[in-house]
Amino acid sequence: MEPRQRLHPLSPALQGAKSLVVVIAGLSWSTLSRVGFGWFAVMVAVLALGATILAVISWYNTGYHVVGRELRVYEGLLWRRTRAIPLERLQAVEVVRPLLAQLTGLAELRLEVVGGGKTEAPLAYLTVADATALRARLLALAGGVTAPARANTPESTTTDAAPAPAPAGRPLHAVRNQHLLISQLLTPQAIMLPLGVAFVTTQFLSEGSWSFVAVASTLTAMAGVVLQPIRRVLDDWAFRIARDDEVLRIHKGLLETRAQTVPLNRVQTVAVTWPLLWRFKGWLRLRLEVAGYSAGESDDRNRPDRLLPVGDLPTGEMIVAEVLPGVRLADLPMAPPPPRARWLNPLSRARLGSGLADEVFAARSGLLTRNLALVPYARIQSVRVVQGPLQRRLRLATVHADTAGGAGAAAKDRDLAEAWALAAELTDRAHAARTRQ
């Protein structure tokens with residue numbers, strides 16, 4: 001058995017730095033005005049020192065090693081915990097580098113597993129070389145391939161002085177940052193930004209109060225209006241995607257870089273979205289669903305599911321064909337619901353549709369923002385036929401194809417007899433696809 005490995009010795013310092021930010025934010029300016037700058041600085045120093053000491057003790061009791069096809073993680077300060085993660089449940093592995101980690105040459109390894117409620121056993125922090133080598137080893141073991149304990153790859157020798165490396169493998173596409181910026185300007189948040197800022201400013205001036213509560217509430221409201229488009233640009237900056245044998249490699253991010261590796265055979269669903277304002281440019285967005293992401297992460301930015309943040313139809317067709325061979329967006333068979341479904345969807349009935357292609361079940365929906373969900377038959381875990389009260393009166397039903405990731409696809413408001421026939425066909429095709437694997 002290989003010896004237990006520790007995290008990088010600088011890990012407590014980075015954890016302590018994050019705690020310092022939380023401490024300062026928690027004390028607030030009202031505390032500063034009451035106790036004065038001197039005592040405020042003492043309070044911050046004492047709390048930060050305490051947090052750092054706890055981080056050092058936690059680091060001393062944290063370790064990991066690979067035993068067979070399990071990753072075992074040991075952690076805990078007062079209550080010791082040992083987690084054994086079966087690698088056959090591994091869905092994806094990310095190497096994440098927040099800003100402080102980039103400055104110190106470190107990285108965080110995040111694992112996503114089947115049925116995980118959140119990111120499993122994040123290892124923070126390792127050197128970039130160790131994180132990249134461990135990622136390659138875990139993915140190899142998850143696929144049943146014998147892997148060395150240390151892998152020397154181009155990514156593993158990256159230093160902070162060097163530019164971010166391109167994803168290994170065959171390059172598929174690199175998103176232009178100019179398109180990324182324009183796409184976020186063509187969002188409701190950006191369009192309404194001047195109105196939102198004007199409203200918040202007017203409310204603030206009408207109060208006639210410069211108290212801490214007034215200032216804090218105003219800044220919070222303005223941040224809520226401004227930050228979401230900016231955050232998406234920062235998260236998807238320099239987005240590049242490549243294919244390496246049977247895995248996708250995605251690299252993105254400005255202040256926090258992410259290097260994501262997703263085995264193609266673990267992809268549950270591909271979602272295509274045409275936002276209203278993007279359609280004037282002919283743009284779309286692709287997202288993939290991997291089991292463990294969608295249900296577990298409440299914050300959208302923590303869901304590493306971007307397949308293409310913005311691109312035109314030919315680019316989308318090309319990437320979809322790489323993930324789901326044989327699937328062409330323009331050739332999907334789509335049948336609309338019966339005319340009586342207009343009573344439930346008076347405006348969007350014409351946009352509803354579903355169909356059975358050779359490789360996937362496809363479902364279309366949306367009025368202003370159009371959506372298309374593609375589910376490979378082998379990824380269907382269950383099939384449901386659901387009827388609401390109004391659907392029962394109209395003899396309609398919705399057919400849900402559920403996946404391990406949770407979202408799947410739904411054929412809305414189908415004729416009742418057609419819905420049951422579709423459910424039976426989906427069940428047969430799912431069973432046949434899993435048998436062929």
Task: Distance (rounded to the nearest 0.5 Å) between Glu359 CD and Leu332 CG - done: 9.5 Å
TODO: Could you tell me which residues satisfy salt bridge (charged side-chain N to carboxylate O under 4.0 Å, His left out) with Glu75, sequence neighbours excluded, listed by chain and number?
DONE: Arg81, Arg83
TODO: Would you confirm whether Arg434, through its side chain, and Ile380, through its main-chain N or O, come within 3.5 Å as a donor-acceptor pair?
DONE: yes
Open item on the list: Can you list everything that forms a side chain to side chain donor-acceptor pair (under 3.5 Å) with Thr398? Sequence neighbours excluded, please.
Closed with: Gln391
Open item on the list: Just to verify, what does Pro309 make a side chain to side chain contact (heavy atoms under 4.5 Å, CB included) with, not counting sequence neighbours?
Closed with: Val175, Leu180, Asp236, Phe239
Task: Which atom of Pro12 lies closest to which atom of Val56, heavy atoms considered - done: CB-CG2, 3.6 Å
Open item on the list: I need the minimum non-hydrogen distance between Leu324 and Pro376, along with the two atoms involved.
Closed with: CD2-CG, 3.5 Å
- [ ] Find out whether Arg287 and Val270 are in side-chain contact, i.e. whether some heavy atom of one side chain is under 4.5 Å from a heavy atom of the other.
- [x] no
Task: Pairwise distance CD(Glu94) to CG(Leu111) - rounded to 0.5 angstrom - done: 10.0 Å
Taking distance alone, no hydrogens or angles, what donor-acceptor pairs closer than 3.5 Å link side-chain atoms of residues 276-285 to residues at least two apart or in another chain?
from: Trp278; atom 1: NE1; to: Ser183; atom 2: O; distance (Å): 3.0
from: Trp278; atom 1: NE1; to: Leu186; atom 2: O; distance (Å): 3.3
from: Arg279; atom 1: NH1; to: Trp274; atom 2: O; distance (Å): 3.2
from: Arg279; atom 1: NH1; to: Leu368; atom 2: O; distance (Å): 2.7
from: Arg279; atom 1: NH2; to: Leu368; atom 2: O; distance (Å): 3.4

Task: Approximate separation, where rounding is to 0.5 Å, of Leu307 CG and Leu288 CG - done: 5.0 Å
Open item on the list: Whether the side chain of Gln102 engages the backbone of Arg97 through a donor-acceptor N/O pair (distance < 3.5 Å, no angle test) should be reported.
Closed with: yes
Open item on the list: I need the minimum non-hydrogen distance between Val375 and Ala409, along with the two atoms involved.
Closed with: CG2-CB, 3.6 Å
- [ ] Determine the minimum heavy-atom distance between Arg414 and Ala335, stating which atoms define it.
- [x] NH1-O, 2.9 Å
- [ ] With sequence neighbours excluded, give me every salt bridge (Lys or Arg N to Asp or Glu O under 4.0 Å) pair touching residues 375-385.
- [x] Arg384-Asp402
Open item on the list: Which residue is it: Val320, Val272, Leu286? I am looking for the one with a side chain to side chain contact (heavy atoms under 4.5 Å, CB included) to Leu372.
Closed with: Val272
Task: Which residues share a side chain to side chain contact (heavy atoms under 4.5 Å, CB included) with Ala13, sequence neighbours left out - done: none
Open item on the list: Considering only residues two or more places apart or on different chains, which pairs with a residue in residues 317-337 satisfy salt bridge (Lys or Arg N to Asp or Glu O under 4.0 Å)?
Closed with: Arg170-Glu322, Arg243-Glu322, Arg328-Asp331
Open item on the list: Apply side chain to side chain contact (heavy atoms under 4.5 Å, CB included) to residues His8 and Leu126 and explain how you reach the verdict.
Closed with: CA-CA 5 Å; His8 194 276; Leu126 304 169; 5.7 Å; no
Task: Between Arg258 and Gln260: side-chain donor-acceptor atoms closer than 3.5 Å - done: no
Open item on the list: Between Arg342 (side chain only) and Pro339 (backbone N and O only), is there a donor and an acceptor less than 3.5 Å apart?
Closed with: yes
- [ ] Go through the structure and list residues passing side chain to side chain contact (heavy atoms under 4.5 Å, CB included) with Gln381, not counting sequence neighbours.
- [x] Ala404
- [ ] State, with a plain yes or no, whether a side-chain heavy atom of Leu139 is found less than 4.5 Å away from one of Pro263.
- [x] yes
Open item on the list: Counting C-beta onward and ignoring hydrogens, is there a side-chain heavy-atom pair between Val93 and Val262 closer than 4.5 Å?
Closed with: no
Open item on the list: What's the separation between atom CZ in Arg137 and atom CG in Asp130, rounded to the nearest 0.5 Å?
Closed with: 11.5 Å
TODO: Decide yes or no on side chain to side chain contact (heavy atoms under 4.5 Å, CB included) for Leu7 and Trp59, but give the supporting numbers first.
DONE: CA-CA 7 Å; Leu7 302 177; Trp59 168 83; 3.9 Å; yes
Task: Whether Tyr377 side chain and Ala433 backbone form a donor-acceptor pair below 3.5 Å - done: no
Open item on the list: Looking at Gly311, is its backbone amide N or carbonyl O close enough to the side chain of Thr315 to form a donor-acceptor pair, meaning the two atoms are under 3.5 Å apart?
Closed with: no
- [ ] First locate atom CG of Leu181, then atom CZ of Arg232, and finally report the distance between them rounded to the nearest 0.5 Å.
- [x] 14.0 Å
Task: Polar side chain donor-acceptor pair, Thr403 to Glu289, under 3.5 angstrom - done: yes
- [ ] Can you run down the salt bridge (Lys or Arg N to Asp or Glu O under 4.0 Å) pairs that involve residues 360-378, sequence neighbours left out, and say none if there aren't any?
- [x] none
TODO: For Thr261 and Arg135, run side chain to side chain contact (heavy atoms under 4.5 Å, CB included): C-alpha distance rounded to whole Å, both residues' side-chain angles, the deciding distance at 0.1 Å, then the answer.
DONE: CA-CA 8 Å; Thr261 302; Arg135 176 183 63 180; 3.3 Å; yes
TODO: Check for a donor-acceptor pair, side chain of Trp343 on one end and backbone N or O of Leu390 on the other, with a separation under 3.5 Å.
DONE: no
- [ ] Measure from the side-chain N and O atoms of Thr132 to the backbone N and O of Val128, and report whether any donor-acceptor pair falls under 3.5 Å.
- [x] yes
Open item on the list: Tell me every residue that passes side chain to side chain donor-acceptor pair (under 3.5 Å) with Asn371, counting only those two or more places apart in sequence or in another chain.
Closed with: Thr273
Task: Closest non-hydrogen atom pair between Ala411 and Leu422, with its separation - done: CB-CD2, 3.9 Å
Would you mind writing out the side-chain donor-acceptor pairs for residues 345-357 within the sub-3.5 Å range, not counting sequence neighbours?
from: Asn345; atom 1: ND2; to: Asp413; atom 2: OD2; distance (Å): 2.4
from: Arg349; atom 1: NE; to: Pro338; atom 2: O; distance (Å): 3.1
from: Arg349; atom 1: NH2; to: Pro337; atom 2: O; distance (Å): 2.9

- [ ] Mind listing the closest non-hydrogen atom pair of Ala419 and Ala397 along with its distance?
- [x] CB-CB, 3.9 Å
Task: Side chain Thr62, main chain Ser58, donor-acceptor under 3.5 Å - done: yes
Open item on the list: Taking the side chain as everything from C-beta on, heavy atoms only, tell me whether Leu134 gets closer than 4.5 Å to Leu123.
Closed with: yes
Task: Spacing of Leu234 atom CG and Thr257 atom OG1 [to the nearest 0.5 Å] - done: 12.5 Å
Open item on the list: Holding to salt bridge (charged side-chain N to carboxylate O under 4.0 Å, His left out), I want the full list of residues that pass it with Asp415, two or more places apart in sequence or in another chain.
Closed with: Arg340
TODO: Mind running side chain to side chain contact (heavy atoms under 4.5 Å, CB included) on Tyr64 and Arg72 for me, showing each step along the way?
DONE: CA-CA 5 Å; Tyr64 68 93; Arg72 295 184 183 177; over 6 Å; no
